[in-house]
> 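Would you mind keeping the following structure in view while I ask a few things?
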Amino acid sequence: MTPARDRAAATLPHPSPGTHRVRKAEGAVYIAFAGSGFAFASWAARIPQVRDRLHLDPGTLGLVLLCIAIGSIIAMPLAGVVVTRLGEARSITIMSLILAAGLATVAVGQLRGVAPVAAGLFLVGFGNGTWDVAMNVQGAAVEQELGRAILPKFHAGWSVGTVAGAAIGAAMVALDVPVTAHLLAVALLVALAVPVSTRGFLPPHADAGEHDPADRPRRNPLKAWTEPRTLLIGFFVLCMAFTEGTGNDWLSIALIDGYRVPAALGTLTFALFLAAMTTGRWFGPALIDRYGRVPALRASAAAALAGLLTVVFGQIVPLAMLGAVLLGLGTALGFPVGLSAAADDPRHAAGRVSVAASIGYVAFLAGPPVIGFLGDRVGVLRGLTITAVLLAIAVVAASATAPLPTATEEPGGG
């Protein structure tokens with residue numbers, strides 16, 4: 001198998017990296033990814049405070065967190081159709097406003113009870129679902145124009161947003177800033193900044209290469225649900241997404257409850273996890289170029305497994321925090337490179353990314369209640385061990401992400 005750099009050169013013809021249009025689109029995609037990450041981490045950083053205010057046990061909290069996944073699961077399967085019809089820019093504009101409305105609902109609703117928080121989180125998940133697919137499709141289009149792999153770095157932009165959101169969240173906790181004021185400010189920022197950024201996107205259906213752009217809409221994006229390779233990639237993404245979701249939703253609580261640390265230190269550990277994931281996504285493409293996509297992903301899953309076990313069984317806080325860093329590094333490449341594999345053929349990227357992301361988001365649907373159920377019985381910290389099973393499976397399932405040998409000549413993609 002040729003290295004990813006050679007594959008990119010073969011499947012991303014006619015690069016135009018110096019054009020102002022592409023550079024502007026590249027910057028706009030970074031903003032879209034960072035905005036999504038910032039919004040999500042801002043909420044995640046305040047989960048312990050919302051839990052305490054509403055007096056939620058782990059099982060009930062898991063069900064509340066499930067609402068985000070339900071919203072995404074409803075939106076994502078049809079996202080390929082939505083993005084194909086509306087284009088990436090309009091899709092993200094609409095969905096970012098829905099997400100902002102959800103955050104605002106959570107901000108005010110947590111003063112009143114569980115129901116409005118659950119409703120707000122559903123809107124957050126629904127908005128994020130199509131937004132996620134649309135920005136990955138636009139990222140793949142920019143990748144095609146640049147003639148080199150860059151999608152993992154866009155996901156690093158998402159991680160930069162999560163680090164900023166988590167760090168600001170930790171500061172808000174330390175300064176005792178109310179959850180309502182914090183999340184309302186985040187909602188306003190997202191509603192203003194993200195729609196403006198999408199004006200720099202490449203136009204819809206601006207496929208790279210020699211293919212007629214009219215070819216892409218003729219194929220129903222839902223047909224991707226019948227492709228074995230796309231489904232297997234989705235299963236790999238599911239395993240890695242479960243791990244990422246475990247870190248996002250439960251890591252801070254696992255440290256706070258399992259190691260009996262202050263809330264600020266638990267949130268700081270969450271921020272370290274996100275910082276490590278950002279680092280892995282920024283420098284990870286070099287490993288893919290050198291060793292190939294499949295070996296790099298297998299090594300990543302193994303590193304995540306080692307980090308997870310260190311968090312759970314480390315016994316002392318510094319070692320657990322080190323494990324969180326290793327967990328973040330190992331988790332970094334799984335989700336973005338899985339979606340990059342689904343988008344190998346740009347003509348059918350919207351449908352295939354929608355499928356892979358939809359399957360992956362099942363992890364966010366199942367993860368919160370599963371960890372919460374185990375947390376009720378053995379504690380949240382020990383409950384994280386279920387993730388080890390999926391990471392072991394991911395080591396094997398990574399083979400599904402092998403690059404298409406002739407991506408531009410075989411629209412079926414397997």
Side-chain angles (χ1 to χ4, degrees), residues 36 38-79 94-132 165-166 169 172-173 176-191 241-242 245-246 248-254 256-257 263 266-267 270 358 361-377 380 383:
S36 174
F38 181 80
F40 176 79
S42 296
W43 148 249
R46 302 312 295 258
I47 290 175
Q49 289 72 53
V50 173
R51 176 196 66 167
D52 293 344
R53 181 175 185 85
L54 297 177
H55 307 290
L56 304 178
D57 57 41
T60 305
L61 177 60
L63 292 175
V64 172
L65 296 175
L66 179 65
C67 294
I68 296 179
I70 292 174
S72 293
I73 288 295
I74 291 175
M76 275 193 162
L78 297 176
I94 294 170
M95 295 302 161
S96 66
L97 294 177
I98 291 175
L99 185 147
L103 274 180
T105 302
V106 171
V108 177
Q110 58 94 30
L111 299 173
R112 299 178 176 276
V114 174
V117 171
L121 292 180
F122 174 84
L123 291 177
V124 169
F126 187 89
N128 186 69
T130 301
W131 180 350
D132 196 317
M172 297 297 100
V173 172
D176 203 24
V177 174
V179 172
T180 299
H182 176 203
L183 295 186
L184 281 177
V186 172
L188 180 62
L189 181 61
V190 169
F242 192 100
T246 296
N248 287 331
D249 290 338
W250 293 104
L251 187 58
S252 61
I253 290 176
I256 292 169
D257 292 355
T267 304
F270 171 54
S358 296
Y361 265 71
V362 171
F364 299 122
L365 181 70
V370 168
I371 300 296
F373 176 82
L374 293 174
D376 281 338
R377 285 151 181 80
V380 172

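Computed from a predicted model, the values in this text were never measured in an experiment.
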> Tell me the side-chain hydrogen bond (donor to acceptor under 3.5 Å, both in side chains) pairs involving residues 65-75, sequence neighbours left out?
none
> Output the distance between atom CD1 (I47) and atom CD1 (I256), rounded to the nearest 0.5 Å.
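Going from the CD1 atom of I47 to the CD1 atom of I256 covers 10.5 Å.
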> Considering residues, nucleotides and ligands other than R112, do more than 12 of their heavy atoms fall under 6.0 Å from its CZ?
no
> Before giving the answer on side chain to side chain contact (heavy atoms under 4.5 Å, CB included), spell out for R51 and I253 the whole-Å C-alpha distance, their side-chain angles and the decisive distance to 0.1 Å.
CA-CA 10 Å; R51 176 196 66 167; I253 290 176; 3.7 Å; yes
> Could you check I94 against T130 for side chain to side chain contact (heavy atoms under 4.5 Å, CB included), going step by step and ending with a plain yes or no?
CA-CA 9 Å; I94 294 170; T130 301; over 6 Å; no
> Any side-chain heavy-atom pair from I74 and F122 closer than 4.5 angstrom?
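Of all side-chain heavy-atom pairs linking F122 with I74, at least one is under 4.5 Å.
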> Which residues pass the side chain to side chain contact (heavy atoms under 4.5 Å, CB included) test with A254, sequence neighbours left out?
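Here the qualifying residues are V380, L381, L384.
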> What heavy-atom pair brings V190 and S96 nearest, and what distance separates the two atoms?
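It is CG1-O, 3.9 Å.
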> Test of understanding: with side chain to side chain contact (heavy atoms under 4.5 Å, CB included), list the residues that count as partners of A191, not counting sequence neighbours.
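Testing A191 for side chain to side chain contact (heavy atoms under 4.5 Å, CB included), a comparison that skips the adjacent residues, returns L97, A100.
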> Kindly indicate, with the supporting measurements, whether the criterion side chain to side chain contact (heavy atoms under 4.5 Å, CB included) is fulfilled by W43 and V50.
CA-CA 10 Å; W43 148 249; V50 173; 3.8 Å; yes
> Indicate the atoms forming the closest heavy-atom contact of P48 with A44, along with that distance.
CD-O, 4.1 Å
> Check whether any side-chain heavy atom of N128 sits under 4.5 Å from a side-chain heavy atom of F40, and report yes or no.
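A side-chain contact under 4.5 Å is absent here.
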> Residues in side chain to side chain contact (heavy atoms under 4.5 Å, CB included) with V124, at least two apart?
L99, L103
> Taking side chain as C-beta onward, heavy atoms only, is R46 less than 4.5 Å from T267?
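With C-beta onward as the side chain, the pair stays apart.
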> Tabulate below the donor-acceptor pairs under 3.5 Å that side-chain atoms of residues 54-63 make, not counting sequence neighbours, or state none.
from	atom 1	to	atom 2	distance (Å)
H55	ND1	D52	O	3.4
D57	OD1	G59	N	3.2
D57	OD1	T60	N	2.7
D57	OD1	T60	OG1	2.9

> Using every non-hydrogen atom in the two residues, find where S252 and G266 come nearest and quote the distance to one decimal.
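Where S252 meets G266 most closely, the heavy atoms are CB-O, 3.4 Å.
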> Suppose we screen for side chain to side chain contact (heavy atoms under 4.5 Å, CB included). Which residues come up paired with L184, at least two apart in sequence or across chains?
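If we apply the side chain to side chain contact (heavy atoms under 4.5 Å, CB included) test to L184, skipping adjacent residues, the hits are A104, A107, V108, T180.
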> Given the rule in the side chain to side chain contact (heavy atoms under 4.5 Å, CB included) test, do F270 and N248 qualify, once you have shown the distances and angles that lead to the verdict?
CA-CA 7 Å; F270 171 54; N248 287 331; 3.7 Å; yes
> How close do G165 and A45 get, heavy atom to heavy atom, and via which atoms?
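Here G165 and A45 meet closest at O-CB, 4.4 Å.
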> Any side-chain heavy atom of R53 sitting closer than 4.5 Å to one from L111?
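When only atoms from C-beta onward are counted, L111 and R53 do touch, with a gap below 4.5 Å.
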> Closest approach of I73 and P77, non-hydrogen atoms and distance?
O-CD, 2.7 Å
> Give me the atom names and distance for the closest heavy-atom approach of Q49 to A263.
NE2-CB, 4.2 Å
